[in-house]
Number of protein chains: 2
Amino acid sequence: MTKYDSSKYEKPSVTVDLVIFTIQERDLKVLLIRRGIPPFQGKWALPGGFVGIKEPLEAAALRELEEETGVGDVYLEQLYTFGEPKRDPRMRVITVAYYALLPWSEVVGGTDAREARWFSVYDHPKLAFDHDKIVDYALERMRNKIMYVPIAFQLLPEKFTLTELQQVYEVILNSTLDKRNFRKKILASGLLKGTRQTRLEGRHRPAALYTFVPQDLGA
Amino acid sequence: MTKYDSSKYEKPSVTVDLVIFTIQERDLKVLLIRRGIPPFQGKWALPGGFVGIKEPLEAAALRELEEETGVGDVYLEQLYTFGEPKRDPRMRVITVAYYALLPWSEVVGGTDAREARWFSVYDHPKLAFDHDKIVDYALERMRNKIMYVPIAFQLLPEKFTLTELQQVYEVILNSTLDKRNFRKKILASGLLKGTRQTRLEGRHRPAALYTFVPQDLGA
DNA sequence: ACAAAAGTGTTGGTGTTACACCCATGT
DNA sequence: ACATGGGTGTAACACCAACACTTTTGT
């Protein structure tokens with residue numbers, strides 16, 4: 001790094017791409033955009049865009065997120081940087097991928113004119129570029145993370161039932177969990193505070209509503 | 001991403017930076033380079049350099065690694081991408097950080113002319129740029145990873161004693177471990193195969209030598 | 001009364017921690 | 001004989017997995 005003059009070298013383009021997750025209808029959804037221009041015209045792809053020359057990476061990711069979803073204050077985490085020389089056939093593009101978790105209750109339309117749709121993570125069309133790989137990577141990261149860090153709450157509204165919370169885990173892990181063990185563990189964790197409210201939904205016993213209690217960031 | 005023409009935009013420079021770890025004298029060491037030119041002239045910094053326009057990111061990291069250490073076939077993992085606009089005072093530089101684990105037995109000199117030295121991770125000078133943050137991040141990542149994934153072997157020669165292995169864990173975690181529990185767990189894991197050899201070192205009972213048995217990458 | 005989802009405990013097994021002494025060698 | 005690090009087992013506890021019935025509501 002010391003002996004190079006960067007101006008002598010051709011520079012790659014740098015973009016951010018976003019894997020935006022939400023949960024709807026007991027399914028894990030990812031937001032995709034239909035490409036209007038080549039390459040991969042007509043194909044679905046992750047939302048993303050170029051990083052401004054004075055723009056922090058995370059700011060670029062947040063900007064794209066807000067353009068596509070209209071939502072600002074959500075969980076956002078850098079995932080991985082993909083830089084294969086041929087991943088974009090036109091030119092060298094290095095992309096810093098992020099993933100975001102969005103409560104279904106906050107999903108509104110984006111302001112952007114591009115065609116956007118939510119697809120099941122488990123059933124979506126083949127994507128442009130290496131975006132299938134990026135989605136797989138995001139899913140794997142999220143599955144690991146949810147075992148240790150309480151990120152599931154980022155996909156729920158402020159108040160939720162234990163069954164809803166369990167469904168978040170089940171949909172992400174793509175497996176079923178034991179109801180009694182799940183409730184025992186989650187209640188023992190101290191992450192939840194019971195509101196004194198219930199929610200009545202259908203002709204059966206109403207469910208108790210809980211909220212997430214923010215952690216001391218034991219630093 | 002669809003409606004921009006990248007050529008209209010100024011592009012950032014992209015570099016890779018490496019946190020190269022090894023273990024010597026029961027201490028965790030990191031390789032640093034003394035900067036010969038501004039900015040931060042005379043300061044110590046992580047080895048790194050620009051990514052070639054047609055060069056994969058990992059290839060750039062491996063190239064730097066080999067230039068500095070003369071070693072090729074080691075553990076290398078992408079860490080995080082740092083892109084604060086002002087992290088390099090001269091211009092916009094986005095750096096993709098990697099970390100590498102190097103067996104102390106393979107440490108030779110680099111071919112590069114720059115002044116390089118191994119420093120204790122727990123006692124090193126303040127570094128140039130945001131490199132202190134990168135080292136901290138690498139250490140944190142490695143500490144998490146070693147709990148789940150057998151990366152400790154990447155810091156040892158092919159044959160090693162259980163005490164040496166335990167010292168690797170202790171130096172990385174910066175804590176002491178119980179000898180009996182450590183041996184019980186590591187032997188039960190099936191990661192080790194006993195060679196039938198021992199090593200005699202000092203006036204005490206010789207230690208049994210083990211090798212790492214490569215895992216099925218359960219894909 | 002019945003259909004539907006909410007809610008609730010116990011048991012066996014597995015893994016983790018804490019802890020102290022004998023062994024093989026060189027001098 | 002002693003100094004040095006190598007090597008070994010057990011008991012208490014915490015955590016995890018398996019498993020079935022009762023409760024509350026709307027119709």
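Lettering of chains follows the sequences in order, A, B, ..., and the numbering in each one begins at 1.
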Inset, instruction - Considering non-hydrogen atoms only, spot the tightest contact between Leu31(A) and Ala116(A) and give its length. - result: CD1-CB, 4.1 Å
Inset, instruction - Mind jotting down which residue pairs meet the ring pair (Phe, Tyr, Trp, His ring centres under 6.0 Å) criterion with at least one end in residues 153-189 of chain A? Sequence neighbours excluded, please. - result: Phe153(A)-Phe160(A), Phe153(A)-Phe212(A), Tyr169(A)-Phe182(A)
Legend entry - Where chain B begins and ends its contact with DNA chain D, read 5' to 3' at 4.0 Å from heavy atoms: dA3(D) to dT10(D)
Legend entry - Pro150(B) and Leu191(B), any side-chain heavy atoms less than 4.5 Å apart: yes
Inset, instruction - Heavy atoms only: give me the nearest Leu127(B)-Asp132(B) pair and the separation to one decimal. - result: N-OD2, 3.0 Å
Inset, instruction - Rounded to the nearest angstrom, tell me the gap between atom CD1 in Ile186(A) and atom C1' in dG7(C). - result: 16 Å
Inset, instruction - Over all heavy atoms of both residues, which pair between Lys43(A) and Ala128(A) is shortest? Give the atoms and the distance, please. - result: CB-CB, 4.2 Å
Inset, instruction - With sequence neighbours left out, write down each residue that passes salt bridge (charged side-chain N to carboxylate O under 4.0 Å, His left out) with Lys145(B), or none if nothing qualifies. - result: Glu77(B)
Legend entry - Between C1' of dT8(C) and CZ of Arg183(A), the distance in whole Å: 9 Å
Legend entry - Axial cation check for Phe119(A) ring with Arg117(A), 6.0 Å and 45° limits: yes
Inset, instruction - Measure from the ring center of Tyr98(A) to the ring center of Tyr80(A) and say whether it is less than 6.0 Å. - result: no
Inset, instruction - Answer yes or no: is there an ion pair linking Glu115(A) with Arg35(A), defined by an N-O contact shorter than 4.0 Å? - result: no
Inset, instruction - In plain terms, say whether Glu164(A) and Arg199(A) are close enough for a salt bridge, that is, a side-chain N and a carboxylate O under 4.0 Å apart. - result: yes
Inset, instruction - Assign Thr161(B) to base, sugar-phosphate, or nothing according to its heavy-atom contacts below 4.0 angstrom with the strands shown. - result: nothing
Inset, instruction - Could you tell me whether the side chain of His131(A) and the main chain of Leu46(A) form a donor-acceptor pair under 3.5 Å? - result: yes
Inset, instruction - Please work out which residues in residues 147-160 of chain A have a non-hydrogen atom less than 4.0 Å from an atom of DNA chain D and list them by number. - result: none
Inset, instruction - Rounded to the nearest angstrom, tell me the gap between atom CG in Leu165(A) and atom P in dA6(C). - result: 13 Å
Legend entry - Lys/Arg-Asp/Glu bridge criterion (N-O < 4.0 Å) met for Arg26(B), Glu170(B): no
Inset, instruction - Mind calculating the distance between CG (Asp178(A)) and P (dT8(C)) to the nearest angstrom? - result: 14 Å
Inset, instruction - Over all heavy atoms of both residues, which pair between Ala61(A) and Leu18(A) is shortest? Give the atoms and the distance, please. - result: O-CD2, 3.6 Å
Identify the pairs formed between an N or O of the protein and an N or O of nucleotides 15-17 of chain C at a distance under 3.5 Å, and give each distance.
residue	atom	partner	partner atom	Å
dT17(C)	O4	Lys184(B)	NZ	3.1

Inset, instruction - List in numerical order all residues of residues 197-206 of chain B for which some heavy atom is under 4.0 Å away from an atom belonging to DNA chain C. - result: Leu200(B), Gly202(B), Arg203(B), His204(B), Arg205(B), Pro206(B)
